Amino acid sequence: MGFATARVSATRAAASVPLGALAPLLPSLDATGIDLLARARDALLDRAAGRPMLLFVDDAHLLDEASAMLVHQLATDANLFVVATVRNGEPVPDPVIALWKDGHAERVEIEPLGEDECDRLLAVALGGPVEG
């Protein structure tokens, strides 16, 4: 569909570094505070090269505050779409919560898969039934 895409995985280790989860997508940025967020945002939009961008953030509940703020800012851009996963029962940074509370994202809760659903999923993914 012409989208530029990018994927990041947040981790507890990356959360100890500002913009740690997004670092693989960013050039070396010599800035701090608000300027750092602005430069990081511009760098991500530059990656899209004028196309709309889809950013997938896995385990967004583990984002550091700077990454969470940047993801929130990006989600408000009309040409950038964010899909993020958040594990139930985990503390979530305020900017990530604001994504669905402020109407910038739709929150969809997915229940855990049961045994039959796991069996069907494995059979589809592997091309046949799997023994217990």
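In what follows, residues are counted from 1 in the order of the sequence shown. Owing to the predicted nature of the structure, the values given are computational and were not obtained by experimental measurement. Below, all heavy atoms of this structure are taken into account, side chains as well, without hydrogens, waters or symmetry copies.
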Give me the atom names and distance for the closest heavy-atom approach of [X] to [Y].
| X | Y | value |
| --- | --- | --- |
| Pro24 | Gly20 | CD-O, 4.0 Å |
| His72 | Pro95 | CD2-O, 3.2 Å |
| Ala48 | Ala4 | CA-CB, 3.6 Å |
| Leu63 | Ala21 | CD2-CB, 3.6 Å |

Could you walk me through whether Leu99 and Val71 pass side chain to side chain contact (heavy atoms under 4.5 Å, CB included), step by step? CA-CA 9 Å; Leu99 288 174; Val71 167; 4.2 Å; yes

Within one Ile-Leu-Val-Met-Phe-Trp-Tyr cluster: [X] and [Y], side-chain cutoff 4.5 Å:
| X | Y | value |
| --- | --- | --- |
| Leu26 | Val8 | yes |
| Leu19 | Leu80 | yes |
| Val96 | Leu22 | yes |

Strictly by side-chain hydrogen bond (donor to acceptor under 3.5 Å, both in side chains), give each pair with a member in [range] just once, sequence neighbours left out.
| range | answer |
| --- | --- |
| residues 92-101 | none |
| residues 73-86 | Arg41-Asp77, Asp58-Thr85 |
| residues 9-25 | Arg7-Ser9 |

Can you give each donor-acceptor pair under 3.5 Å made by side-chain atoms of residues 111-124, sequence neighbours left out, with the distance rounded to 0.1 Å?
residue	atom	partner	partner atom	Å
Glu117	OE1	Gly114	N	2.4

Results of ring-ring contact (aromatic ring centres under 6.0 Å, His included) for Phe56 - residues two or more places apart only: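 Not a single residue meets the ring-ring contact (aromatic ring centres under 6.0 Å, His included) criterion with Phe56.
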
Asp64 side chain vs Ala66 backbone, donor-acceptor pair below 3.5 Å: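 Side chain of Asp64 to backbone of Ala66, a donor-acceptor pair under 3.5 Å: yes, one is there.
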
Could you tell me whether Leu126 atom CG has more than 12 heavy atoms of other residues or ligands within 6.0 Å of it?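 Result for CG/Leu126: enclosed.
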
Once rounded to the nearest 0.5 Å, what's the spacing between atom NE2 of His61 and atom CG of Asn88?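 Spacing of NE2 (His61) from CG (Asn88) equals 10.0 Å.
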
Enter the distance from Met53:CE to Leu44:CG here, rounded to the nearest 0.5 Å.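 So the gap between those two atoms works out to 6.0 Å.
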
Apply the side-chain contact (heavy atoms from CB on, under 4.5 Å) test between Leu55 and each candidate in Thr5, Leu70, Leu25; give the one that qualifies.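 Passing option: Leu25.
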
May I ask you to list the residues sharing a hydrophobic cluster with Val17, side-chain cutoff 4.5 Å, ordered by chain and number?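 When side chains under 4.5 Å apart are linked, Val17 ends up in no cluster with other residues.
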
What verdict does the side chain to side chain contact (heavy atoms under 4.5 Å, CB included) test give for Arg87 and Asp59, after you've listed the backbone C-alpha separation in whole Å, the side-chain angles of each residue and the deciding distance to 0.1 Å? CA-CA 7 Å; Arg87 187 170 295 157; Asp59 290 332; 4.0 Å; yes

